[in-house]
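Taking it in order: structure first as structure tokens, then the write-up.
Residue numbering restarts at 1 for every chain, and letters A, B, ... go by the order of the sequence lines.
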Amino acid sequence: MASSTPPPHWSLTTSETSKNHHSRHLKNTQTATTKLNSRWTSKKVSLDHPPHPKNAPTALPPFSSTSQLSVDFSGKRSTRFVSKMHFGRPKFSSARHSSIAVDVLEMAIKCSGNGNGSGYGVENVLLNYESRLCGTDDYTFLLRELGNRGELSLAMRCFEFCVGRERRFGELGKLASSMISILGRLGKVELAEEVFKNAVNGGYGTTVFVYSAMISAYAKSGCCYEAFRVFKEMKDSGLKPNIVTYNALIDACGKGGAGFKRASEVFDEMLKTGVQPDRITFNSLLAVCSGAGLWEAARDLFHEMVYRGINQDIYTYNTLLDVACNSNHIDAAFEIMSEMATKGILPNEVTFSTMVRGCAKSGRFDKALSLFNDMKYIGIKLDRVAYNTLVAIYANLGRFDEALRIGNEMEAIGLKKDVVTYNALLDGFGKQGMYGKVKDLFVEMKAQNVSPNLLTYSTLISVYSKEGLYIEAMEVYTEFKHRGLKADVVFYSKLIDAFCKKGLVESSVLLLHKMMKEGINPNVVTYNSIINAYGQSTTADHSLHHEQWAGSSELTLTSGVAEPCANNEEGDNIERIFEQLLPGKSTSNKKVITSGQDFACILQVFQKMHELGIKPNVVTFSAILNACSRCSSFEEASLLLEELRLFDNQIYGVAHGLLMGLHENVWLQALSLFDEVKRMDSSTSSAFYNALTDVLWHFGQKRGAQFVALEGQRRDVWPYAWSSSCLDLHLMSSGAARAMVHAWLLSICSIVFEGKELPELLSILTGWGKHSKVVGDGILKRAVEALLISIGSPFRLAKSNIGRFTSPGAAVTAWLRESGTLKVLSLQDERNHPRGSQLFNLPLLPLTDLDVALSSNFQALPL
DNA sequence: TTAGGGTTAG
């Protein structure tokens, strides 16, 4: 790279405001500002949201006590680096080949299909037709078409034949770049590497085409590091990268998880070297945003394209939709979709699958399903991806008849159910506890010659383990081993979580050792499972004979980064764990561990994450606060948070401060943290507020909990949760919900005391027990019900809706006018900070002007 | 040289 420091004009990583755009455009294109402004003012509505004041910062060093909240805090960020690898997309050949080449192609394929698996005939065919084939164009056609048909070994033999007979370096280079490109497209990056090396060593590979093809092949397999290495080699050998090279390198950043900053550096370099970006450059940059969830940056890029006069195509729009869907901007996605029509870019099956997935992710299942109808209505055929998406939605919703019906419909149009279809069905049935059906499906898929993959096995083992069906789990694991598949971080994390859920924390830690010995690095998900288990455990399993475990002792977490284990002499720990869990070998010798031990373990896990550079996120935060709530004492909880401040003073400092009692300084810090959390996606921010209010409520800091919940409310963390007739609590934790019930009733109180009438019917919604196996029997509902009874409110469970409490407005009015009600509703903290009296200007409730003079009981309320 | 699908934590 020419420069490791991005030039000042480049700021897409931090979401440019239009002002940033100005300077950038001016520097890069010397265009008049007036022209620029006119372009900006003509922006379409869907892309015209005001820029965020402070967009997500670039990655910060971990655990910096003074830093802003890192994007890694989001619980929605994927831990997968290589996200999408759709190998085998056909590449259409140009029409430069002769008709003879088409015949030769058919003959070559026939040769391989006539029982002569050696492909012996291919060389003969080529020899026979050599004189009639029109040089490299025909050969590259053959290679590409063989690749499109999955005839990889035939393509390689054909390539070797051509290379053996060709003497001209130019033609050899063309053949090599074609072959590398075909192999890259098929995900055969190692073979591509071999062809590349031979080409370079043979003297015909030192061309921009060969190098670019290799970079692209690396990109497609997510090998970003290697792509950059080859890029450097290319420049070192005196070759000048062209637009294709740069585009491929940007693609590598997206597929290899190098991030937007790196991609923008590539973009800078291409500008600096005089290579003008094109549509594909921008489409690739947009794809980088998709992986990183950078909606603002994507929007800016789109504007930049418009400004530069680069036309958008279906790729541009589909990628932009993908960013919107991935970053929880589903409404914007719909607006973009309607904009496509006005530009004459017709949505295709990719557009619909992207949108359907976006809707499903945001919980709009009805909309997702109706999109499929739209798709059929306008005549877009459902393809494999669309069908599998549909099957997964029905399976997740527990609508199994429909899931199976879609599977059959898929087969009826000639698309066989594949491993993705079966995995979706197994996961859905498994989550609903339909183990018999799971077994049948697993048998069926194998009978249909659909090979189970790593995901199939990890799903089954996890499903069975969580239910305590260890015999079944072990059988599946044994089969997995016999298949010779290699476990990955997800496989282990699922297993670790399953054991954690059964309270088998020590077994989980031993699995952690095992995975690291195999060279598999745990990630934030793995550690969060363990922290969560410690927070919840009252017992630890001592079912295992520790002396059998080479290299593992106590609960010590393996130090350092995972390193591959050269030998595997210690046997298979997983099978041993299952054996110990089987009936008759029960875990009767569990010993009680104290929360103090838990704390030491949690701190140890946190320390380990720090050492490994694994950044804790909102789920970690939530798990730790839950653990605090399970502490035997307030002092212990505050001590744990105090310790964690050493790692992250911003987040744990605020949590600790609020727990100790409100005062001005901590509240100001809290407000600044809330502002940063607001920049995260909605599920991250609601998880944050839920966890924080829960722990405060748990320890009797109810006033603090209410302040926090109201700040969440002010920042739209729970949109549409609050109106004068209805309080919707279904996205809140029980602590947040109870704090909100108090705040809402106080606001209703202000309406009453202003002499206004209440609506005829008031409702409090708790939802249907989303996280409970028994519909309508959620923890939230029970907590709210107990609260409503304890404060003597007239709200009662609605007969027609088991997740709704209702009361006539008149009854609420009468109750609020009773003498003791106001006192019951106003909340106090059990512990006050010595400087708590300095509290002033606390946040305004989202209430109307509540008459402070109503009662001295309101002294504590932030009005 | 560019776009969509199934997996882990709360």
Side-chain angles (χ1 to χ4, degrees), chain A residues 75 78-80 84 86 89 91 181 184 212-213 215-217 219-220 242-252 254-255 278-287 290 313-323 325 348-358 360 383-392 395-396 418-428 453-459 462 488-498 500-501 522-533 535 617-623 625-626 683-684 686-688 690-691 733 771:
Chain A
S78 171
T79 58
R80 281 189 299 184
K84 299 161 194 164
H86 293 180
R89 275 211 172 100
K91 165 85 180 173
S181 148
S212 299
I215 291 168
S216 174
K220 289 196 174 73
N242 65 14
I243 181 80
V244 177
T245 325
Y246 281 113
N247 288 350
L249 203 56
I250 291 171
D251 191 35
K255 294 200 171 76
D278 65 1
R279 193 181 66 246
I280 294 176
T281 316
F282 278 94
N283 289 349
S284 301
L285 280 167
L286 283 171
S290 174
D313 61 5
I314 185 73
Y315 286 77
T316 318
Y317 274 100
N318 284 346
T319 313
L320 189 66
L321 283 176
D322 196 46
V323 189
C325 290
N348 62 10
E349 65 283 1
V350 176
T351 320
F352 275 94
S353 289
T354 307
M355 290 299 294
V356 166
R357 193 171 140 69
D383 63 0
R384 178 172 293 285
V385 175
Y387 271 113
N388 281 338
T389 307
L390 194 49
V391 168
N396 271 321
D418 63 6
V419 67
V420 179
T421 329
Y422 277 107
N423 286 349
L425 291 169
L426 288 169
D427 191 50
N453 63 12
L454 185 58
L455 181 54
T456 321
Y457 287 110
S458 66
T459 300
S462 163
D488 66 357
V489 61
V490 176
F491 182 93
Y492 272 109
S493 298
K494 281 181 99 159
L495 200 49
I496 284 171
D497 186 58
C500 284
K501 292 266 184 339
N523 62 23
V524 66
V525 179
T526 327
Y527 281 113
N528 282 347
S529 285
I530 293 173
I531 291 177
N532 202 47
N617 62 13
V618 69
V619 183
T620 324
F621 176 75
S622 177
L625 294 197
N626 278 334
S683 75
T684 298
S686 79
F688 170 85
N690 283 334
S733 64
H771 303 295

Residue A:Val525, side-chain atoms from C-beta onward, closest of B:dT1, B:dG4, B:dA9: B:dA9
Among B:dG4, B:dT1, B:dT8, the one nearest A:Ile280 by side-chain distance: B:dT1
For [N], take OP1 and OP2 only and decide whether either is under 4.0 Å from a side-chain N or O of [X].
{"X": "A:Lys501", "N": "B:dG10", "result": "yes"}
{"X": "A:Asn532", "N": "B:dG10", "result": "yes"}
{"X": "A:Lys255", "N": "B:dA3", "result": "yes"}
{"X": "A:Lys220", "N": "B:dT2", "result": "yes"}

Pick base, sugar-phosphate or nothing for [X], based on heavy-atom distances below 4.0 Å to the nucleic acid.
{"X": "A:Val356", "value": "nothing"}
{"X": "A:Asp418", "value": "base"}
{"X": "A:Asp497", "value": "sugar-phosphate"}
{"X": "A:Thr459", "value": "nothing"}
{"X": "A:Ile314", "value": "base"}
{"X": "A:Asp488", "value": "nothing"}
{"X": "A:Asn690", "value": "nothing"}
{"X": "A:Val391", "value": "nothing"}
{"X": "A:Ser529", "value": "sugar-phosphate"}
{"X": "A:Ser493", "value": "base"}
{"X": "A:Ala248", "value": "nothing"}

By ring-ring contact (aromatic ring centres under 6.0 Å, His included) - contacts of A:Phe688 (at least two apart): A:Phe621
Between A:Ser529 and A:Lys494, a side-chain donor and acceptor under 3.5 Å: no
Donor-acceptor under 3.5 Å (A:Asn528 side chain, A:Ile531 main chain): no
Heavy-atom closest pair, residues A:Lys255 and A:Ala219: CB-O, 3.3 Å
Residues forming a side-chain contact (heavy atoms from CB on, under 4.5 Å) with A:Asp488, sequence neighbours excluded: A:Leu454, A:Val490, A:Phe491
